[in-house]
Q: 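Can you keep this structure in mind? I'll have questions shortly.
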Amino acid sequence: MKHQKSLMRAVGKARRAWQQHVREVAQGMGIPDSYREVIMYLYHNPGAGQKQIAAFAQITASAVNQAVKSMEAEGYLRKETDPADKRNTCLYLTEKSEAIARELKHRLEISDGGITALVGPEKEAEMIALLETVADYIRKELTSC
């Protein structure tokens with residue numbers, strides 16, 4: 001009897017392949033892996049704090065803190081005190097890292113376009129809708145064991 005493939009294993013395999021591709025593109029640009037998610041998060045969310053980055057990237061606050069210290073020393077980002085709450089620090093990309101983020105985003109959009117060309121825009125829209133439905137089901141209907 002032939003073993004049937006699992007939908008979620010296939011989704012996981014595709015996700016891991018995409019993550020590896022993103023990692024390789026970023027490394028090819030000279031972006032250390034520990035900087036990549038911080039750069040891209042701040043590109044889309046300027047002024048965010050370390051806790052927000054840690055929650056998004058699903059890494060520890062201490063890992064973000066270490067990356068932020070190194071990135072600041074290397075000129076990738078700058079810190080500013082939050083004017084609304086002096087206890088908080090807002091993080092911003094420098095011109096150097098903004099240019100890197102734009103280029104990385106551009107390269108990944110090209111890769112994403114290749115995937116769209118492979119499956120076609122209609123199938124892509126169907127896949128997106130299906131995956132959103134699956135994600136909603138997982139969040140709302142599945143209970144932990």
Side-chain angles (χ1 to χ4, degrees), residues 6-145:
S6 160
L7 170 63
M8 295 314 296
R9 283 183 191 251
V11 168
K13 185 177 179 180
R15 182 185 58 80
R16 287 186 300 277
W18 177 254
Q19 286 178 321
Q20 183 60 34
H21 173 72
V22 170
R23 202 173 288 119
E24 289 170 359
V25 170
Q27 287 173 346
M29 294 176 59
I31 303 169
D33 202 43
S34 61
Y35 294 11
R36 178 178 42 85
E37 290 207 65
V38 175
I39 288 172
M40 294 313 294
Y41 188 80
L42 289 175
Y43 182 70
H44 294 287
N45 303 280
Q50 291 184 29
K51 286 181 185 177
Q52 293 165 301
I53 296 167
F56 171 78
Q58 297 181 338
I59 56 178
T60 65
S62 64
V64 173
N65 186 44
Q66 187 174 359
V68 164
K69 283 181 182 179
S70 298
M71 291 174 73
E72 185 178 27
E74 294 177 33
Y76 283 93
L77 58 80
R78 61 184 168 78
K79 295 178 179 180
E80 291 182 12
T81 302
D82 185 347
D85 185 349
K86 303 287 186 209
R87 297 172 295 170
N88 293 329
T89 301
C90 300
L91 303 172
Y92 297 92
L93 298 178
T94 61
E95 286 183 35
K96 167 186 174 177
S97 53
E98 284 233 9
I100 288 169
R102 271 192 305 278
E103 180 62 22
L104 178 57
K105 184 175 185 262
H106 174 71
R107 290 182 187 193
L108 295 176
E109 285 171 347
I110 291 170
S111 298
D112 195 38
I115 294 168
T116 299
L118 173 70
V119 299
E122 289 94 24
K123 286 275 190 216
E124 179 187 49
E126 289 173 26
M127 289 174 72
I128 290 169
L130 176 60
L131 290 171
E132 288 173 348
T133 300
V134 169
D136 286 344
Y137 176 80
I138 291 168
R139 281 191 295 271
K140 294 175 184 172
E141 302 296 329
L142 294 183
T143 59
S144 58
C145 300

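Only a predicted model underlies this, so the values are computations on that prediction, with no experimental measurement involved.
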Q: Going through the checks in order, is the salt bridge (charged side-chain N to carboxylate O under 4.0 Å, His left out) test met by R78 and E72?
A: CA-CA 6 Å; R78 61 184 168 78; E72 185 178 27; over 6 Å; no
Q: To the nearest 0.5 angstrom, please state how far the CD1 atom of I138 sits from the NZ atom of K140.
A: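 Rounded to the nearest 0.5 Å, the CD1-NZ separation comes to 12.5 Å.
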Q: Please determine if K96 forms a cation-pi arrangement with Y76, meaning its NZ or CZ atom is less than 6.0 Å from the six-membered ring centre and no more than 45° off the ring axis.
A: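 Yes - K96 lies over the ring of Y76, closer than 6.0 Å to its centre and within 45° of its axis.
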Q: Which pairs count as salt bridge (Lys or Arg N to Asp or Glu O under 4.0 Å) when at least one residue sits in residues 111-126, sequence neighbours excluded?
A: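 Those involving residues 111-126 do not exist here.
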Q: Would you find more than 12 non-hydrogen atoms of other residues, nucleotides or ligands less than 6.0 Å from E95 atom CD?
A: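 No, the 6.0 Å shell around CD holds no more than 12 heavy atoms from other groups.
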Q: Determine whether the side chains of R15 and Q19 contain a donor N or O and an acceptor N or O closer than 3.5 Å.
A: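 Note: R15 and Q19 side chains meet the donor-acceptor criterion.
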Q: Could you pull out the closest heavy-atom pair between A48 and Y41, with the gap in Å?
A: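 Looking at all heavy atoms of both residues, the shortest contact is CB-CE2, 3.5 Å.
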Q: Indicate the atoms forming the closest heavy-atom contact of R102 with Y43, along with that distance.
A: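 It is CG-OH, 3.0 Å.
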Q: Take L142 and Y137 through the test side-chain contact (heavy atoms from CB on, under 4.5 Å) and record every step on the way to the result.
A: CA-CA 7 Å; L142 294 183; Y137 176 80; 3.5 Å; yes
Q: Side chains of L108 and H21, heavy atoms from C-beta outward: is any pair under 4.5 Å?
A: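 The answer is yes, as the side chains (C-beta and beyond) meet within the 4.5 Å cut-off.
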Q: For the CG atom of L93 and the CG atom of L77, what is their distance to the nearest 0.5 Å?
A: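 Rounded to the nearest 0.5 Å, the CG-CG separation comes out at 7.0 Å.
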Q: Using side-chain contact (heavy atoms from CB on, under 4.5 Å), reason through I100 and M29 one step at a time and then give a plain yes or no.
A: CA-CA 8 Å; I100 288 169; M29 294 176 59; 4.3 Å; yes
Q: Evaluate the side-chain contact (heavy atoms from CB on, under 4.5 Å) criterion for residues H44 and K105: first the C-alpha distance (whole Å), next the side-chain angles of each, then the deciding distance (0.1 Å), finally the verdict.
A: CA-CA 11 Å; H44 294 287; K105 184 175 185 262; 3.7 Å; yes
Q: Using 0.5 Å steps for rounding, measure from the CD1 atom of I128 to the CG atom of L131.
A: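 Here the rounded value is 8.0 Å.
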Q: In this structure, which one of R36, M40, E37, R107 forms a side-chain contact (heavy atoms from CB on, under 4.5 Å) with V22?
A: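 Considering R36, M40, E37, R107, a side-chain contact (heavy atoms from CB on, under 4.5 Å) with V22 is found only for R36.
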Q: Grab the two heavy atoms, one from A101 and one from I39, that are nearest each other, plus how far apart they are.
A: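 The pair with the smallest heavy-atom distance is CB-CG2, 3.7 Å.
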Q: Distance check, rounded to the nearest 0.5 Å: D33 atom CG versus E24 atom CD?
A: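 Result: 11.0 Å between the selected atoms.
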Q: Do Y35 and E74 pair up side chain to side chain, a donor and an acceptor below 3.5 Å, judged on atom types alone?
A: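 Note: Y35 and E74 side chains meet the donor-acceptor criterion.
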Q: I would like to know whether T89 and Q50 meet side-chain contact (heavy atoms from CB on, under 4.5 Å); could you show each step before the answer?
A: CA-CA 8 Å; T89 301; Q50 291 184 29; 6.0 Å; no
Q: Between atom NZ of K51 and atom CG of N65, what is the distance when rounded to the nearest 0.5 Å?
A: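 Rounded to the nearest 0.5 Å, the NZ-CG separation comes to 12.0 Å.
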Q: So which atom in S34 and which in A67 form the shortest heavy-atom distance, rounded to 0.1 Å?
A: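 For S34 versus A67, the nearest heavy atoms are O-CB, 3.8 Å.
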Q: Is the number of heavy atoms from other residues, nucleotides or ligands under 6.0 Å of Q20 CD greater than 12?
A: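 Yes, enclosed.
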Q: Are any side-chain N or O atoms of Q66 and backbone N or O atoms of A63, one a donor and one an acceptor, separated by less than 3.5 Å?
A: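 No.
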Q: Mind checking whether E98 and T94 have side chains closer than 4.5 Å, heavy atoms only?
A: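 No. Closest side-chain heavy atoms not under 4.5 Å.
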Q: Under 3.5 Å, side chain of T81 to main-chain N/O of K86, donor-acceptor pair present?
A: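 Side chain of T81 to backbone of K86, a donor-acceptor pair under 3.5 Å: no, none is there.
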Q: Working to the nearest 0.5 Å, report the span between CG of N45 and SG of C90.
A: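 Separation between the atoms: 12.0 Å.
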